[in-house]
Amino acid sequence: MILDSLNSAQQEAVSAPLGHQLILAGAGSGKTRVLTHRIAWLVQREQISPLQIMAVTFTNKAANEMRTRIEHLLRVPAKTMWIGTFHGLSHRFLRAHWQEANLPQTFQILDSDDQLRMVRRVIHSLNLDEDRYPPKEARWFINAQKEEGRDPHQVIPHDMASQTYLNVYQAYQAACQRAGVIDFTDLLFKTCKLLQSNANLRQHYQERFRCILVDEFQDTNTIQYMWLKLFAGEANAVMIVGDDDQSIYGWRGARIENIHRFSNDFPGAKTIRLEQNYRSTGTILKAANALIAKNTGRLGKNLWTDDKDGEPITVYSGFNETDEAFFIVNRIRELRQTDYRLRDIAILYRSNAQSRVLEEALMQFGIPYRVYGGLRYFDRAEIKDALAYLRMLANPSDDSAFERIINTPTRGIGDRTVTAIREHAREANATLWQALLQLSGKQFFAARAHQSLEAFVNLIQSMSDKTQTMTLDKQVEYVLRASGLIEHYRKEKGEKGLTRLENLEELINAAHQFIQEGTPDDMPPLAAFLAYAALESSDEQANEHDDCVQLMTLHSAKGLEFPVVFLAGCEEELFPHYLCMHDPKALEEERRLCYVGMTRAEKKLFMTYAELRRMHGKEAYHKPSRFLHELPPELITEVRFRTKVSPRPMPIANSYKPEAEGKFRIGQEVQHRIFGDGTVLSLEGDGEDMKVKVRFAKVGTKTLIGSYLNPK
DNA sequence: CGGGAAAAGCTTTTT
DNA sequence: GCTTTTCCCG
């Protein structure tokens with residue numbers, strides 16, 4: 001029953017005997033299906049209780065999807081099951097064992113932004129020069145150490161700079177401990193530390209989880225690997241699923257070697273390959289296979305499909321990035337006339353900066369689109385302000401929240417006053433809130449500052465009193481009004497302020513919805529909500545009803561699929577990126593990124609590049625990406641003609657001025673009385689006012705009025 | 001404290 | 001070059 005509708009490799013994976021398994025799952029080979037069916041198999045055939053199973057993913061989205069599918073398969077709520085992200089499960093663990101982990105019960109989670117502020121504060125308190133020791137570098141150092149599982153005393157500094165960063169690391173940990181906050185990496189780090197040091201707990205968890213499944217294993221880093229080993233112990237069965245060819249997060253510490261290490265550390269691990277692809281046409285797969293074959297040290301895997309070969313891959317050479325964008329937009333307009341909806345189409349690119357030109361072209365033709373990977377809801381400044389007030393209520397020691405709201409909205413507490421509080425806090429070895437309480441009793445400050453501070457103390461204390469018995473959504477609403485945040489953003493003029501107000505209103509709804517769904521743990525609702533905001537700031541997916549073209553980076557496209565994919569910017573320097581080109585390892589990661597991009601496509605794949613592109617302010621000619629040369633020529637159709645500047649775009653409000661018709665088009669050879677021969681780069685406006693940007697052979701690039709130019 | 005000017009980035013990103 | 005952040009002064 002469970003095995004119905006699975007192919008033989010999938011069946012083998014799902015019904016494998018209890019033991020260690022390494023599932024090499026190619027793109028589109030039904031990886032999630034295997035994971036969920038495996039869990040169903042364990043429960044139904046191996047008589048393993050759902051409570052003895054742990055399933056780990058990287059994103060909340062993947063975890064939620066898995067949970068939903070399992071509930072569907074098993075027809076029981078999977079709420080009590082340990083399905084979640086490394087961070088989410090660690091959080092659950094630390095909430096249950098806060099005492100053993102030496103944390104306050106109300107501990108709060110710092111996101112990377114809060115973390116940076118905290119690090120900056122520590123750097124100042126050590127009297128270090130921020131320019132010589134940039135907080136971002138320090139944060140990177142701290143996270144890197146924790147990701148390798150090293151406490152401050154385990155770090156061996158190699159030079160003066162790393163000695164300094166080590167001091168920062170030490171002071172930072174102390175400051176976090178004092179404030180009762182932990183950062184993202186700490187979730188994993190402290191979980192590992194606790195399991196290592198506490199044999200009872202370790203034994204308890206190792207006896208509990210008889211089966212552990214890990215998704216996207218190629219993305220695990222060192223601490224995650226340690227984490228897995230600690231939970232798995234010697235006796236439990238571990239199934240990992242991954243694809244070395246889709247490892248694209250090496251730059252942030254993912255260790256592809258973990259897949260190789262697995263077979264050594266987990267004896268008897270059996271490797272099963274899922275190579276049948278259910279997503280793409282034969283042509284797309286053949287091309288992707290040929291590309292990835294250029295990489296070395298692969299575990300080896302060849303995707304195949306029962307599907308037809310389908311159409312060849314279209315490669316388009318644009319004159320510049322505008323021309324490239326117009327080609328894409330024109331093709332989208334054609335596709336729209338056929339069976340494709342806009343939401344079937346994705347434009348993928350290497351870096352976010354590329355989206356602007358594409359957006360402008362889409363806008364010009366009135367094609368709805370959506371850019372992914374922007375600022376997430378819970379990361380918005382106004383939301384973080386509001387959450388900081390809530391955090392103060394949950395845990396007044398939270399220095400990072402304190403710093404954020406002490407003068408937001410502005411209440412006459414300037415930098416000087418805050419510095420005084422910080423200094424006192426350091427001397428008294430206290431948190432900022434404690435320091436403030438001590439100082440305000442002593443008439444320490446000038447009269448005006450003292451008054452403002454007193455008002456602030458009263459505000460927080462009265463908020464704390466008044467919200468005591470309220471439901472979560474009422475608490476949020478009360479805090480928004482009492483803090484003056486609503487008023488503050490109401491004053492902000494323009495559309496921006498309005499959006500912010502809407503976002504704040506939405507926070508009340510979010511809180512309401514949160515309690516409706518029921519808090520998962522035995523935590524107070526406010527604490528649970530704050531953890532949710534920090535840990536599960538859900539990436540907003542496109543509304544089912546929204547029909548728009550999807551724009552995103554190659555990285556964020558991983559795990560998704562689209563009938564039509566445009567892979568833009570396939571040029572040397574951009575893709576592969578110039579920072580990666582001289583490191584063979586990094587170059588292979590770029591190639592994997594290209595592989596990931598290509599294998600997102602189901603039916604049609606377009607790969608485009610621009611001969612001339614404006615990058616970092618300068619215009620530069622780039623060769624077509626080496627990845628294009630690595631594709632078998634017989635699978636490609638090259639489109640050589642330049643896009644004719646197209647029929648009039650739809651007249652829509654706020655649309656950009658349409659490109660001029662008639663006299664000039666992009667790429668055209670032209671002549672000027674003084675400047676000589678040149679090529680048209682871009683057009684703006686029309687009629688007499690038309691401005692034409694031309695690159696002249698002798699004098700470089702100039703923008704001039706069209707009437708001074710003659711077609712050649 | 002807010003607005004404008006100067007300066008600093010500038011690959012990819014989840015938790 | 002363009003956008004975001006920081007700085008400085010009224």
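A, B, ... follow the sequence lines: proteins, then strands. Residue 1 opens every chain. Reckoned from all heavy atoms, side chains included, excluding hydrogens, waters and symmetry mates.
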| With a cut-off of under 6.0 Å to the ring centre and 45° to the axis, is A/Arg121 in cation-pi contact with A/Tyr172? | no
| note | Rounded to whole Å, the NZ-P distance (A/Lys146 to B/dT15) equals 18 Å
| task | Taking atom P in both C/dT3 and B/dT12, compute the distance separating them and give it to the nearest angstrom. | result | 16 Å
Give me, pair by pair, the N or O atoms of the protein and of nucleotides 5-11 of chain B that are less than 3.5 Å apart, along with how far apart they are.
| residue | atom | partner | partner atom | Å |
| --- | --- | --- | --- | --- |
| B/dT11 | OP2 | A/Tyr578 | OH | 3.3 |
| B/dT11 | OP2 | A/His616 | NE2 | 3.4 |
| B/dT11 | O4' | A/His577 | NE2 | 3.2 |

| In what stems does DNA chain B take part, counting only runs of at least 3 consecutive Watson-Crick or G-U pairs whose two distances fall under 3.5 Å? | B:1-10 with C:1-10
| query | Do any N or O atoms from the side chain of A/Ser125 and from the backbone of A/Val122 form a donor-acceptor pair under 3.5 angstrom? | reply | yes
| Is NZ or CZ of A/Arg95 both nearer than 6.0 Å to the six-membered ring centre of A/Phe93 and within 45° of the ring axis? | no
| So, do A/Phe575 and A/Tyr609 have ring centers that fall under 6.0 Å from each other? | no
| said: Within the 4.0 Å heavy-atom criterion, would you say A/Arg411 contacts the bases, only the backbone, or no part of the nucleic acid? | reply: sugar-phosphate
| said: Output the rounded distance in Å from CD1 (A/Ile223) to P (B/dT15). | reply: 18 Å
| query | Do the charged groups of A/Glu571 and A/Arg613 touch, with an N to O distance under 4.0 Å? | reply | yes
| message | Please report the distance, rounded to the nearest Å, between CE in A/Met552 and P in B/dT13. | response | 11 Å
| said: In whole Å, measure the gap between the P atoms of C/dT4 and B/dT11 for me. | reply: 15 Å
| query | Between A/Glu130 and A/Arg120, is there a salt bridge with N-O shorter than 4.0 Å? | reply | yes
| Reckon A/Phe86 touches a base, only the sugar-phosphate, or nothing at all at heavy-atom distances under 4.0 Å? | nothing
| message | With a 4.0 Å cutoff (strictly under), does any side-chain N or O of A/Thr410 reach OP1 or OP2 of B/dG2? | response | yes
| query | Ring centroid separation for A/Trp98 and A/Phe107, is it under 6.0 angstrom? | reply | no
| What is the distance from CH2 of A/Trp227 to P of B/dT15, rounded to the nearest Å? | 15 Å
| request: Would you confirm whether the ring centroid of A/His555 sits within less than 6.0 angstrom of the ring centroid of A/Tyr249? | output: yes
| With a non-hydrogen cut-off below 4.0 angstrom, is A/Ser112 in contact with a base, only sugar-phosphate, or nothing? | base
| ring-ring contact (aromatic ring centres under 6.0 Å, His included) against A/His616, all qualifying residues, sequence neighbours excluded | A/Tyr578
| Over how many whole Å does the gap from A/Glu536 atom CD to B/dT14 atom C1' extend? | 13 Å
| task | Would you mind telling me which residue lines up with the more 5' stretch of DNA chain B, A/Ala534 or A/Ile248, judged by nearest nucleotide? | result | A/Ile248
| query | Can you find a side chain N or O atom of A/Arg376 that sits less than 4.0 Å from OP1 or OP2 on B/dT14? | reply | yes
| request: Under 4.0 Å between any heavy atoms, over every strand shown, what does A/Asn407 touch: base, sugar-phosphate, or nothing? Just pick one. | output: sugar-phosphate
| Whole Å only: how far is the OH atom of A/Tyr595 from the C1' atom of B/dT12? | 20 Å
| request: Using whole Å, report how far CZ of A/Arg252 lies from P of B/dT12. | output: 13 Å
| task | Determine, for A/Lys31 against A/Asp243, whether the closest basic-nitrogen to carboxylate-oxygen distance falls under 4.0 angstrom. | result | no
| said: Please report the distance, rounded to the nearest Å, between NZ in A/Lys384 and C1' in B/dT15. | reply: 12 Å
